[in-house]
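Numbering of ligands and ligand atoms starts at 1, following listing order.
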Amino acid sequence: MRIATAAILKPLPAHLFRVHGENAEMRWEAMSGQGYHTPIDRFFVRNHTGTPLIDPATWRLRLHGPGLRCPRAFGYDELRAMPSRTYDVAIECAGNGRRFYGSQQHDAVPGTQWGLGGIGVARWRGVPLRHLLKEAGVRPEAVDVLPSGLDAPFEDYGHVRRPLPIAKAMDDVLVAYEMNGEPLPPDHGFPARLVVPGWVGIASIKWLGDIEVSTSTVTSPWNTVFYPDVTTQPVKSAFELPWNARLAISGVPLVLHGRSWSGQGRITRVEVSFDGGDTWRAAELHGSHLVSAWSQWHVTWAPRRPGRYVLMARATDETGATQPLVIPRHPFGYHFNAVVQHPVEVVLG
Ligand SMILES: Nc1nc2c(c(=O)[nH]1)N[C@H]1C(S)=C(S)[C@@H](COP(=O)(O)O)O[C@H]1N2
Ligand SMILES: [Mo]
């Protein structure tokens, strides 16, 4: 039923991705000129082992455990025939930006050295997890929900799995089988994955095999050894530019594009600095201002002289949280959300 493969199956061309072992980070210039969603061909991949190939004809999603009155198994066609919901949601690795602890704050943290490309926003379609839990007779005593992946076990820790509190599971979590209007690609969790809005990427378990519903708190290595104490994502920003971009000036101002996001709510303000943080200018936000996805923005800039500059973008979300200039070291290198210093070179065009 499951064929284990090596790492990632989709093509990873160098102009779209930077590969880190079994993970592939999106280059931010790959979002330049794109619409709201991250196309599948450039959506980052984070795999603990390798993408499995799963036969949807024999696949079942099993819901079991003492928190359910009538354990159930759902097939692929059955899932697709249920009432569906469609959400625009970001999935972002907790370690996104880890490299800047070292390169910007001179306090490197081991682990995958993600720049800012460990994030993507897709249009996910699927069945609300709440609906499946109700079909399986979820009890009022249910406490945690433990989704588990069908990819190969990771080291000695078993299948990738991470508990979610029942309140979140009954709120806005989706069992997704479609991404940007297509069946979920193998690398992103075919036949079905969780999509957990606002939470760190590890919550969105791919290649779902079973979901255990418990009546007491459960743990797994993915909330004790790895990713302890991380739930929602903080506010962050990125320019849709290559690192060390060469920008040609020819009399007309440059228009720079970027995106900002937060796991806690909508983006309300984005400011940009071209002088190392001495002065800040408001960027213009456009498009939809969505919870749990990103906001697109642009700013015009007319540098007077060629030379090297540092671009900085700082966003604020509706809770009032703003990106700091420096953040304290995190022992695992998660949640790097300080303003990133993005180097560019301005040349005469
Ligand atoms: N079964 C399974 N689910 C998983 C993972 C995994 O390795 N196995 N990686 C998690 C992590 S750490 C992240 S950041 C997201 C990445 O989702 P993507 O590869 O679709 O971008 O999937 C999560 N779900
Ligand atoms: Mo992750």
Side-chain angles (χ1 to χ4, degrees), residues 2 4-10 12 16-26 30 37-54 59 61 89-98 111-114 116-124 126 146-155 157-164 173-180 182-211 220-223 225-228 230-233 263 330 332-336:
R2 181 194 84 212
T5 72
I8 297 170
L9 296 181
K10 69 181 178 184
L12 302 172
L16 298 179
F17 292 101
R18 188 177 296 123
V19 175
H20 307 270
E22 55 290 317
N23 309 304
E25 163 171 15
M26 181 194 73
H37 303 101
T38 310
I40 289 168
D41 68 0
R42 60 207 65 192
F43 203 102
F44 85 101
V45 181
R46 161 69 173 116
N47 280 351
H48 281 72
T49 57
T51 294
L53 282 174
I54 294 166
W59 175 82
L61 173 58
V89 171
I91 290 187
E92 182 183 18
C93 193
N96 196 25
R98 182 182 283 120
T112 300
Q113 296 298 299
W114 300 96
L116 282 175
I119 181 170
V121 170
R123 174 157 290 180
W124 309 98
L146 184 64
S148 178
L150 291 169
D151 41 340
F154 177 66
E155 296 172 358
Y157 298 100
H159 289 288
V160 176
R161 60 201 190 281
R162 189 177 202 255
L164 273 177
V173 176
L174 206 59
V175 174
Y177 51 74
E178 236 179 63
M179 179 178 188
N180 295 345
E182 291 177 32
L184 211 55
D187 294 313
H188 297 289
F190 183 86
R193 76 176 303 166
L194 284 194
V195 172
V196 182
W199 284 39
V200 288
I202 185 60
S204 294
I205 294 294
K206 302 192 277 189
W207 313 295
L208 273 178
D210 77 284
I211 298 180
S220 92
W222 283 270
N223 72 339
V225 183
F226 321 109
Y227 309 100
V230 286
T231 53
T232 55
Q233 294 280 21
H330 184 284
F332 292 84
Y334 299 143
H335 287 177
F336 185 92

- Message: Quick check on contacts: which atoms of ligand 1 are under 4.0 angstrom from a heavy atom of Ser204?
- Response: 22 (O), 23 (C), 24 (N)
- Message: Return the closest protein heavy atom for atom 6 (C) of ligand 1 as residue, atom name and distance.
- Response: His48 ND1, 3.5 Å
- Query: Which residue supplies the protein heavy atom nearest to atom 21 (O) of ligand 1, what is that atom called, and how far is it?
  - Reply: Phe44 O, 2.7 Å
- Item | Numbered atoms of ligand 1 (with element) below 4.0 Å of Asn47, judged on heavy atoms | 7 (O)
- Determine, stepwise, if the pair Arg98 / Thr112 fulfils side-chain contact (heavy atoms from CB on, under 4.5 Å). CA-CA 7 Å; Arg98 182 182 283 120; Thr112 300; 4.0 Å; yes
- Between Phe332 and Tyr334, what is the ring plane arrangement, given parallel below 30°, perpendicular above 60°, and tilted in between? parallel
- Examine distances only and state if a side-chain atom of Glu22 and a backbone atom of His20 form a donor-acceptor pair shorter than 3.5 Å. no
- Message: Distance under 4.0 Å to a non-hydrogen atom of Phe43: what atoms of ligand 1 satisfy this?
- Response: 21 (O)
- Message: When you measure from the side chain of Asn47 to the backbone of Asn23, do you find a donor-acceptor pair of N or O atoms at a distance under 3.5 Å?
- Response: no
- Hey, is the main chain of Glu92 close enough, under 3.5 Å, to the side chain of Gln233 for a donor-acceptor pair? yes
- Query: Numbering the atoms of ligand 1 from 1, which are under 4.0 Å from a heavy atom of Gly149?
  - Reply: 1 (N)
- Query: Is there at least one pair of N or O atoms, one from Arg46 and one from ligand 1, spaced under 3.5 Å apart?
  - Reply: yes
- If you have a sec, work out which protein heavy atom is nearest atom 23 (C) of ligand 1 and how many Å separate them, to one decimal? Gly201 O, 3.3 Å
- Query: Sub-3.5 Å donor-acceptor pair from the side chain of Asn96 to the main-chain atoms of Trp114, do we have one?
  - Reply: no
- To the nearest 0.5 Å, what is the distance between CZ (Phe43) and CD1 (Ile119)? 8.0 Å
- Message: So, taking the atom named NE2 in His159 and the one named CG in Asp210, what distance separates them when rounded to the nearest 0.5 Å?
- Response: 9.0 Å
- Message: Which label fits Phe226 and Trp222: parallel for a plane angle under 30°, tilted from 30 to 60°, or perpendicular past 60°?
- Response: tilted
- Message: Heavy-atom distances under 4.0 Å decide this one: backbone, side chain, both or neither, for Trp114 against ligand 1?
- Response: neither
- Item | Heteroatom proximity flag, Ile91 to ligand 1, N/O under 3.5 Å | no
- Message: For Ala94, which part has a heavy atom under 4.0 Å from ligand 1: side chain, backbone, both, or neither?
- Response: neither
- How many angstroms lie between CZ in Phe336 and CG in Leu116, if you round to the nearest 0.5 Å? 8.0 Å
- Item | Closest protein heavy atom (residue, atom, distance) for atom 22 (O) of ligand 1 | Arg193 NH2, 3.5 Å
- Task: Answer with side chain, backbone, both or neither: which part of His159 has a heavy atom less than 4.0 angstrom from an atom of ligand 1?
- Result: neither
- Task: Give the residue, atom name and distance (to 0.1 Å) of the protein heavy atom nearest atom 3 (N) of ligand 1.
- Result: Lys206 N, 2.9 Å
- Examine the proximity of ligand 1 to Trp207 and report which part, side chain or backbone, both or neither, has a heavy atom under 4.0 Å away. side chain
- Message: Under 4.0 Å, heavy-atom basis, I'd like to know which part of Asp151 is in contact with ligand 1: side chain, backbone, both or neither.
- Response: side chain
- Against heavy atoms of Tyr227, which atoms of ligand 1 measure under 4.0 Å? 12 (S)
- Supply the atom-to-atom distance Ile202 CD1 to Cys93 SG, rounded to the nearest 0.5 angstrom. 8.0 Å
